[in-house]
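Worksheet for the structure shown next.
Keep in mind that this is a model prediction, so the values were computed, not measured.
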Amino acid sequence: MVKEREEKTMKKLRKRLMAFGLVMVMATTVLTGCGTGTKNSDSDYEYDPTGTTELSGTFELQIFVGGYGSEAWEEIIDDFEELHPELDVVAYMDSNVNKQMQTRWMQGNPPDFVFLTGSNLPTATYRDEGKLLDLTSFYEKATIADTDTLLKDKLSSNSIRKFDDVIYSLPIIEEAYGIWYDDVYLKELGMTIPTNYDELVAFGQNAKSKGIDSIIYPGISSMYLVQGLIFPALAVYGQDYFDRITTASDVEAFQDERFRDVMTRFKTLVDTGMFSEGTVSLNHIQSQMQWLQHKATFIPNGMWLENEMKEDIPDGFTMNYAVPMMNKADEEQVIVTSGAEIGVATDGDNKEAALEFIRFLYKDENMAKFAEYSDAIPSSNVDLSGVELSETTKRAQAILADPNYKHVSINLSWGSVDAVMKDVVNQMVLGELDVDGAIKTLVEAVEKKLSE
């Protein structure tokens, strides 16, 4: 038994080392020629639930292991490999894997399965260029492995994102950006969590009088700030209007008085002096480290924050999650929900293995592993009564389940507007752009996107 365990460990190590070595080679590869197209031969691939496909060959996975770690993935992949010994499973798992794999995606030779989260992953571009497989048929017909339960019955229809009625990805972890704070620290300061914009401005003024910054965020990845503060304020106006913004589908949505009002509120936060000096130059880890050191009271972030920073949380620091509070006093507080998603490459050489792996991934015991190892909330309907979650995750889960908060889902397809929005909020924080300039810049970006 010991020898068998050792052989399994060595096999696993060889696989991981091989995957790492290949990633390093690809990271140094110089792309020649355009090579941005896809192999259209597989664009009409449709899942057949009655088929008895024999899995064989190499099965490759691209998995970003930033906020959610690798432990759950490691166990699930190993279990899948044991079930299919004829498969040569190679998992590329790294915090920089998305950037390292971009060359392969551009050349039409991507891994078969991809965890669609993390930095340097142009999901919208891959989708728009046909690089992500149409999973609509799979979602409708597939069952969870070893059960008769349909996949669509395990996943809430509200968690499924469609683009022109097509499903390109499936959620595995529920996400919602919010405002994070240290409960103990705020009590020491004698300050309470704001629940609307007026209270937030008053909080910032009070903090400033105490010599304390209110908000820190990663300027290098400023969508944390957009998703954690600005988007929820826009989502107050309903799913239809919010979709127009997050898909940049028409210029009028950005010229609307509602958009101007939200950006004016944001500019007031800047003018109040709520943002930490130097925040625009920070990456996400740097901003989170400074927040843990109480360089600011609040940080906009996702549900993975505690798990990602668990080795660095100071003693006595009580991390807590709050619903974004840029809504007006007479408006509802809104939680913008999304999910860490998975997909299959259209150009992958082993789509059958990728789809079978997804069926296996959604088994209850595997979803429970994600909850346990990643301290996260699975997107599927699974009993977590026996799973040990952190107090922070339990509080966040309770907030997400609270009927007093309105939920609006995000449906991003910004294209180049994404990058422009990141620059706009940073320029506003630096005092280099006013509301009129911000709207003008965004309108021009949307016009360019639509013309292309």
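No salt bridge links Asp256 with Arg260; every basic N to acidic carboxylate O contact stays at or beyond 4.0 Å. For Arg244 and Asp240, the salt-bridge test fails: no basic side-chain N is under 4.0 Å from an acidic carboxylate O. Salt-bridge annotation for Asp79 and Lys369: present, with a side-chain N of the basic residue lying under 4.0 Å from a carboxylate O of the acidic one. Looking at Lys328 and Asp330, no side-chain N of the basic residue comes within less than 4.0 Å of a carboxylate O on the acidic one, giving no salt bridge.
In terms of heavy-atom proximity, Val408 sits nearest to Lys406 at CG2-CE, 4.0 Å. Between Asp250 and Phe254 the shortest heavy-atom distance is O-CD1, 3.7 Å. Pairing each heavy atom of Asn120 with each of Asn98, the nearest pair is O-CB, 3.3 Å. In terms of heavy-atom proximity, Asp112 sits nearest to Ala354 at O-CB, 3.9 Å. When all heavy atoms of Val336 and Pro232 are compared, the closest pair comes out as CG2-CA, 3.8 Å. Across all non-hydrogen atoms, the minimal contact from Lys295 to Asp213 is O-CB, 3.5 Å.
Residue pairs meeting the salt bridge (charged side-chain N to carboxylate O under 4.0 Å, His left out) criterion with at least one member in residues 381-397, sequence neighbours excluded, are Glu391-Lys394. Residue pairs meeting the ring pair (Phe, Tyr, Trp, His ring centres under 6.0 Å) criterion with at least one partner in residues 413-452, sequence neighbours excluded, are Phe231-Trp414. Listed by first and then second residue, the ring pair (Phe, Tyr, Trp, His ring centres under 6.0 Å) pairs involving residues 170-192 are Tyr177-Tyr224, Tyr177-Trp304, Trp180-Tyr321, Tyr185-His294 (not counting sequence neighbours). Annotation: salt bridge (charged side-chain N to carboxylate O under 4.0 Å, His left out) contacts involving residues 302-327, sequence neighbours excluded, are absent.
Residues Ile335 and Leu400 form a side-chain contact, since some pair of their non-hydrogen atoms from C-beta on lies under 4.5 Å apart. Using a 4.5 Å heavy-atom threshold, the side chains of Leu132 and Thr123 count as touching. Two residues are said to be in side-chain contact when any heavy atoms from C-beta on lie closer than 4.5 Å; Leu189 and Thr297 meet this criterion. Contact annotation: the side chain of Phe259 never approaches that of Ile230 to less than 4.5 Å [non-hydrogen atoms, C-beta and beyond]. Leu170 places a side-chain heavy atom less than 4.5 Å from the side chain of Ile160. Counting only heavy atoms from C-beta outward, the side chains of Asn283 and Ser221 never approach each other to under 4.5 Å. Counting heavy atoms from C-beta on, the side chains of Asn426 and Ser222 come closer than 4.5 Å. In this structure the side chain of Leu135 reaches within 4.5 angstrom of the side chain of Leu133, judged on heavy atoms.
Looking at Thr136, its side chain does come within 3.5 Å of a backbone N or O of Ile167 through a donor-acceptor pair. Distance alone, capped at 3.5 Å, places no donor-acceptor pair between the Asn301 side chain and the Gly178 backbone. A side-chain donor-acceptor contact under 3.5 Å links Lys351 to the backbone of Thr346. Panel note: side chain Ser249, backbone Ile245; no donor-acceptor pair is recorded below 3.5 Å. Side-chain N or O atoms of Ser379 include one that pairs as donor or acceptor with a backbone N or O of Ile173 at under 3.5 Å. Side-chain atoms of Ser287 do not come within 3.5 Å of backbone N or O of Tyr217 as any donor-acceptor pair. At least one donor-acceptor pair under 3.5 Å links the side chain of Thr147 to the backbone N or O of Thr149. Judged by distance alone, with hydrogens and angles left aside, the side-chain atoms of Ser281 form a donor-acceptor pair with the main-chain N or O of Gly278 at under 3.5 Å. A donor-acceptor pair is defined here as one N or O able to donate and one able to accept, closer than 3.5 Å; no such pair exists between the side chain of Thr279 and the backbone of Ser276.
For Glu75 and Tyr373, the side-chain atoms include at least one donor-acceptor pair closer than 3.5 Å. With no hydrogens or angles considered, no side-chain donor-acceptor pair links Tyr405 and Glu332 at under 3.5 Å. Checked by atom type, the side-chain pair Glu60/Asn350 shows no donor-acceptor distance below 3.5 Å. For the residue pair Asp243 / Gln239, a side-chain donor-acceptor distance below 3.5 Å is found, with atom types taken as modelled. Counted by atom type alone, Ser390 and Asp375 present one or more donor-acceptor pairs between their side chains at under 3.5 Å. No donor-acceptor contact under 3.5 angstrom links the side chains of Arg161 and Ser169, judged on distance only. No hydrogens or angles considered: nothing links the side chains of Gln397 and Thr393 as a donor-acceptor pair under 3.5 Å. Using modelled atom types and a 3.5 Å distance limit, the side chains of Asn404 and Asp402 yield a donor-acceptor pair.
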Handout entry: Residue pair Lys131, Asp347: steps toward the salt bridge (Lys or Arg N to Asp or Glu O under 4.0 Å) verdict
Key = CA-CA 7 Å; Lys131 289 179 166 62; Asp347 293 341; 6.0 Å; no
Practice task
Could you give me the CA-CA distance, side-chain angles and deciding distance for Thr195 and Met325, then say whether side-chain contact (heavy atoms from CB on, under 4.5 Å) is met?
Solution key: CA-CA 5 Å; Thr195 60; Met325 61 287 282; 5.6 Å; no
Exercise for the section: Given ring pair (Phe, Tyr, Trp, His ring centres under 6.0 Å), test Tyr237 with Phe242 step by step and report yes or no. Expected result: CA-CA 7 Å; Tyr237 302 119; Phe242 187 58; over 10 Å; no
Practice task
Under the ring pair (Phe, Tyr, Trp, His ring centres under 6.0 Å) rule, what do Phe64 and Phe115 come out as? Steps first, then yes or no, please.
Solution key: CA-CA 6 Å; Phe64 173 79; Phe115 186 29; 7.6 Å; no
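Just one residue in the list Thr192, Thr318, Ile193 forms a side-chain contact (heavy atoms from CB on, under 4.5 Å) with Leu186, and that residue is Ile193.
Atom CZ in Phe357 sits 11.0 Å away from atom OH in Tyr362 (nearest 0.5 Å). In this structure, Asn381 CG and Met367 CE are separated by 12.5 Å, a value rounded to the nearest 0.5 Å. For the atom pair Asp164 CG and Lys162 NZ, the distance stands at 11.5 Å (nearest 0.5 Å). One distance of note links CG of Leu229 with CE of Met274; it measures 8.5 Å at 0.5 Å rounding. The line from CD of Gln255 to NZ of Lys440 is 12.0 Å long, rounded to the nearest 0.5 Å. In this structure, CG in Asp423 is found 10.5 Å from CG in Leu430, a value given to the nearest 0.5 Å.
Residues Trp73 and Phe370 bring their aromatic ring centres within 6.0 Å. Ring centers of Tyr168 and Tyr126: at least 6.0 Å apart, outside the cut-off. Between Phe275 and Phe266, the distance separating the two ring centers is shorter than 6.0 angstrom.
Around CD of Glu277, the count of heavy atoms belonging to other residues, nucleotides or ligands within 6.0 Å does not exceed 12.
Taking the salt bridge (Lys or Arg N to Asp or Glu O under 4.0 Å) definition, one finds that Glu71 meets it with nothing, sequence neighbours left out. For Asp364, the salt bridge (Lys or Arg N to Asp or Glu O under 4.0 Å) partners two or more places apart in sequence, or in a different chain, are Lys154.
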